[in-house]
Amino acid sequence: MTTLHTDAAETGTLPARPRAALPALCVTQVTGWGALYYAFPVLTSHITAQTGWSSSQVTAAFTTALLVSAAVGIPVGRTLDRHGPHILMTAGSCLAAVALVVVATAPNLSAFTAGWLLAGTAMAATFYQPAFAALTRWHGSDRVRALTTLTLAGGLASTVFAPLTATLATHLTWRDTYLALAAILAAMTIPAHALALHAPWPPADKPTTDYHEHPGRITTSRPFLMLTAAFATSGFALYGVIFGLVPLLTHRGVNPTLAAWALGLGGLGQTLGRTLYANFARRTSVRTRTVALIAAGGATTALLAAVPGPAPLLIALVILAGAVRGNFTLLQATAVTDRWGTTAYSRTSALLAAPIIIAEALTPFAAAALVHPLGGDPRLFAALAALSALAAALAWGTETHRTAPTG
């Protein structure tokens, strides 16, 4: 296999990283997220209409998959640290295809839920966290560029697969649509992971602090616990904005079609934001950018809560909020290495990501439950802004005595 040299590889200290890994992971992230995640909201109404299962039952099955992915991500992280991504992500791709077949052919709700349990396990082995781990270890000091490229590509998943799924669903049943998506996923991800990730797995950083001598101390340290709390709280607030955005805009008098377009433009904002992250990281300390980005998320949410219109101004705020949210993905991807290096990165990152995934899974239900007691969508957004302010305060306590370079 051809390789691309790194500084370390030139000196003979590390194996060269595989040249095909980054483009392959870009393709597999788009496909995996598209088929396993973004196809579901498109097909939910078709599933309920053709099966008689309630929307809450169908959504609960999908939510269970996200919760499973958070739990399974921790042992997946340990395996990645020891053995690398090749076998794990290849097996995860196989399981993902099988899971979608189970979902598509489920004769009852129990089997449907079982299929999503398998899908949750596959998500843990194929989504961003293992891909982040692979690129972090292989790309070393150049990891921010690689991670930015990956997340820019991953942001296209909804752009590609939402309309593709909708088109398939106009000609096929939801079951046949999921079977088609399973075939696409298998064809695109299994060979890519099997062929492009088959390279020597570099050793982790040598321990440089007492934390590194005993990696378990990282996850019980005050900075890590504060970081976990900050990210989970901020994640809940950011996902709450996503799920509450269309109702808020329609409450402000924006027509539903334009509100849906605004949500899509928020995704474009995410892509824009990610292109700015590397430069921002070079100019700020670890704690400063963590506090600043979380606080910026809260500020955009507060503006959406307070500004009544007009529609173009609201859409501009949505794009700005999306840019901040896009940076949050990269902030999370680099949070561990920026503070503790790559020692036990995958396990530590999985423990950090688990509460965020849980927040993502529970946000739709929580936001729906809170909107009426709070007195409407603007007040819900005000509450989400307050949560972001709390998260920013928690982030102030995330600085370690010694941090890794950002690259």
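Since the structure is predicted, the reported quantities are computational estimates derived from the model, not experimental observations.
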Checking Y239 now: which residues fulfil ring-ring contact (aromatic ring centres under 6.0 Å, His included) with it, not counting sequence neighbours? none

If you count the non-hydrogen atoms of other residues, nucleotides and ligands that lie under 6.0 Å from CG in L179, is the total more than 12? yes

Testing the 3.5 Å rule here: is there a donor-acceptor pair between the side chains of T398 and R339? yes

With sequence neighbours excluded, residues passing salt bridge (charged side-chain N to carboxylate O under 4.0 Å, His left out) with R287: E399

I'd like to know if D338 and R289 make a salt bridge, using a cut-off of under 4.0 Å between side-chain N and carboxylate O. yes

Listed once per pair and sorted, the ring-ring contact (aromatic ring centres under 6.0 Å, His included) pairs that draw on residues 88-109, sequence neighbours left out: none

Going by distance alone, is a donor N or O of one side chain under 3.5 Å from an acceptor N or O of the other, for Q50 and T173? no

Pairs flagged by ring-ring contact (aromatic ring centres under 6.0 Å, His included) wherever residues 65-90 is involved - sequence neighbours left out: H86-H198

Show me the pairs that pass ring-ring contact (aromatic ring centres under 6.0 Å, His included) and involve residues 244-300, at least two apart or across chains. none

Just checking, is any N or O donor in the side chain of Q57 or W53 under 3.5 Å from an acceptor N or O on the other one? no

By salt bridge (charged side-chain N to carboxylate O under 4.0 Å, His left out), which residues pair with D81, not counting sequence neighbours? R137

Minimum-distance pair of heavy atoms, taken over all atoms of L36 and W116: O-CZ3, 3.5 Å

